[in-house]
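These notes are about the structure you will find just below.
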Amino acid sequence: MDLGLTGKVAIITGGTQGIGKATAERLAAEGAKVVIVARGQPRLDAVAAGIRAAGGAVHTVSADVAQPGEAQRIVAEALKAFGGIDIVINNAGTSATGAFESVTDSAWQADFDLKLFAAVRLVREAIPHIRQRGGGRIVNVTNIGAKQPGARTMPTTVTRAAGQAMTKALSKEYAPDNILVNSVCIGLVRAGQHETKAAAAGVDLETHYATIGKTVPLGRVGRAEEAASVITFLVSDMASFVTGSSINIDGGASAVF
Ligand SMILES: NC(=O)c1ccc[n+]([C@@H]2O[C@H](COP(=O)([O-])OP(=O)(O)OC[C@H]3O[C@@H](n4cnc5c(N)ncnc54)[C@H](OP(=O)(O)O)[C@@H]3O)[C@@H](O)[C@H]2O)c1
């Protein structure tokens with residue numbers, strides 16, 4: 001099935017591990033030209049080599065998206081490499097949760113910088129170029145906690161709720177430009193952050209996944225490719241009448257839609 005992605009240029013932040021990597025690989029396989037962004041150059045090189053070996057087009061940008069100014073450079077590099085921008089996927093992020101009284105101002109600020117301001121800045125820089133192409137897609141990757149915040153889930157749930165509000169507001173503001181904006185809310189998906197957590201706890205990775213998978217109605221942790229499939233759908237021609245929506249990718253874990 002042709003998803004209409006051939007030749008489209010997609011920026012994917014956090015494109016070297018987990019959901020971002022799987023999405024970059026999937027979009028490249030569908031014919032998109034992908035710009036992957038992360039801080040670590042060795043992983044950028046490894047993921048790019050894999051995409052090129054499979055016949056895909058990829059450009060890497062080593063950047064910390066939480067830093068002001070980097071969005072401008074990411075967009076400039078995408079334009080230089082591929083001549084335009086059609087799709088932005090704001091995916092870079094990591095879990096940040098703690099007891100409320102233990103979360104310092106700097107931890108709050110760091111979470112907003114990484115999960116909200118990075119997306120604000122990248123979208124603001126990219127929109128004029130997406131508009132020039134006659135429209136495009138933006139997907140914000142957030143967390144099911146955005147809609148259902150629990151105890152000891154801040155700052156993540158608050159920054160993710162802001163991301164959800166931004167998604168809806170952008171969808172209204174840019175619908176006249178044919179720029180469709182949606183979000184996905186992730187539950188538990190196999191990815192780098194779980195590998196780090198399991199290693200820090202000295203627990204075997206599969207044991208860690210089996211334990212946390214018991215909390216999921218479908219009985220397991222999701223695969224990054226399963227999240228990438230939904231994101232690919234949202235940026236494809238198949239989702240041409242979908243904007244301002246949010247899809248849970250969580251095996252049924254969330255109590256809310
Ligand atoms: N996996 C889950 O269970 C889960 C659950 C809820 C929400 N999510 C959300 O889904 C998204 C993807 O998560 P994941 O688990 O697939 O991620 P992951 O495997 O931990 O990978 C994170 C990616 O983001 C990049 N990154 C992190 N901080 C960055 C920064 N400041 N600037 C640029 N790149 C940065 C990392 O590369 P570098 O370290 O080299 O920069 C890496 O490519 C995140 O926003 C995460 O919060 C995931």
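For this chain, numbers begin at 1 and follow the sequence in order. These values consider heavy atoms only, across backbone and side chains, with no hydrogens, waters or symmetry-generated copies. Whatever order the structure lists them in is the order used to number ligands and atoms, beginning at 1.
- A heavy-atom separation below 4.0 Å is not found between Cys185 and ligand 1.
- Here Ile144 has no heavy atoms under 4.0 Å from ligand 1, in either its backbone or its side chain.
- Looking at Arg160 against ligand 1, only its side chain comes within 4.0 Å, counting heavy atoms.
- Residue Leu114 has no nitrogen or oxygen atom sitting less than 3.5 Å from a nitrogen or oxygen atom of ligand 1, judged on distance alone.
- Judged purely by distance below 3.5 Å, without hydrogens or angles, the side chains of Thr142 and Gln164 pair a donor atom with an acceptor atom.
- Within ligand 1, the atoms closer than 4.0 Å to a non-hydrogen atom of Gly18 are 16 (O), 19 (O), numbered from 1 in the order shown.
- No donor-acceptor distance shorter than 3.5 angstrom exists from the side chain of Asp177 to the backbone of Ile179, with no hydrogens or angles considered.
- Nearest protein heavy-atom contact of atom 4 (C) of ligand 1 is Ile186 CG2, 3.5 Å.
- Atom CZ of Arg43 has 12 or fewer neighbouring heavy atoms from other residues, nucleotides or ligands inside a 6.0 Å radius.
- Nearest to atom 21 (O) of ligand 1 among the protein's heavy atoms is Gln17 CB, 3.4 Å.
- Given atom 40 (O) of ligand 1, the protein heavy atom at minimum distance is Gly40 N, 2.9 Å.
- Looking only at heavy atoms of the protein, atom 5 (C) of ligand 1 is closest to Gly187 O, 2.9 Å.
- For a threshold of 3.5 Å applied to N or O pairs, the pair formed by Thr16 and ligand 1 contains at least one separation below that value.
- Heavy-atom distances between Thr142 and ligand 1 reach below 4.0 Å in at least one pair.
- Ligand 1 has an N or O atom lying under 3.5 Å from an N or O atom of Gly192, backbone or side chain.
- Of all atoms in ligand 1, listed by their number and element, those nearer than 4.0 Å to a heavy atom of Leu188 are 3 (O).
- Distance alone, capped at 3.5 Å, places no donor-acceptor pair between the Asp86 side chain and the Gly136 backbone.
- Here the heavy atom of the protein found nearest to atom 24 (O) of ligand 1 is Gly14 CA, 3.2 Å.
- Polar contact check, Val65 against ligand 1: a nitrogen or oxygen pair lies under 3.5 Å apart.
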Apply side-chain contact (heavy atoms from CB on, under 4.5 Å) to the pair Arg160 and Cys185, showing each step before the final yes or no. CA-CA 9 Å; Arg160 292 316 198 179; Cys185 291; over 6 Å; no
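- Neither the backbone nor the side chain of Ala118 has a heavy atom within less than 4.0 Å of ligand 1.
- Listed by atom number, the atoms of ligand 1 under 4.0 Å from Asp64 heavy atoms are 30 (C), 31 (N), 32 (N).
- With respect to atom 20 (O) of ligand 1, the closest heavy atom belonging to the protein is Gln193 N, 3.1 Å.
- Here the side chain of Arg137 pairs a donor or acceptor atom with the backbone of Leu234 at under 3.5 angstrom.
- In this structure a side-chain-to-backbone donor-acceptor pair under 3.5 Å is present from Asp204 to Glu206.
- Numbered from 1 in the order shown, with element, the atoms of ligand 1 that lie under 4.0 Å from a heavy atom of Ala63 read 32 (N), 33 (C).
- The proximity of Thr196 to ligand 1, defined as any non-hydrogen pair under 4.0 Å, does not occur for either the backbone or the side chain.
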Please assess Asp111 against Thr159 for the test side-chain hydrogen bond (donor to acceptor under 3.5 Å, both in side chains), listing each intermediate value before the final yes or no. CA-CA 7 Å; Asp111 211 51; Thr159 53; 2.7 Å; yes
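- A donor atom on one side chain and an acceptor atom on the other are not found under 3.5 Å apart for Lys147 and Ser254.
- Proximity of a side-chain donor or acceptor of Asn140 to a complementary backbone N or O of Ser183 within less than 3.5 Å is not detected.
- Some N or O of Asn91 is nearer than 3.5 Å to an N or O of ligand 1, by distance alone.
- When the shell of 6.0 Å around CD of Gln72 is examined, it contains 12 or fewer heavy atoms from other residues, nucleotides or ligands.
- The proximity of His194 to ligand 1, defined as any non-hydrogen pair under 4.0 Å, is limited to the side chain.
- Ligand 1 has no N or O atom lying under 3.5 Å from any N or O atom of Ala191, backbone or side chain.
- Side chain of Lys168 to main chain of Gly244: a donor-acceptor pair is present (N/O by atom type, distance under 3.5 Å, no hydrogens or angles).
- Thr167 places a side-chain N or O within 3.5 Å of a backbone atom of Gly163 that can act as its donor or acceptor partner.
- Across all their heavy atoms, Gly14 and Ala92 have their closest contact at N-CB, 3.7 Å.
- For atom 29 (C) of ligand 1, the nearest non-hydrogen atom of the protein is Arg39 NE, 3.5 Å.
- Between the side chain of Ser102 and the main chain of Gly98, no donor-acceptor pair closer than 3.5 Å is present.
- Closest to atom 35 (C) of ligand 1 among all protein heavy atoms lies Ala92 CB, 3.7 Å.
- Residue contact check: Val141 has heavy atoms under 4.0 Å from atoms 10 (O), 11 (C) of ligand 1.
- In this structure, Thr13 falls outside the shell of residues with a heavy atom less than 4.0 angstrom from ligand 1.
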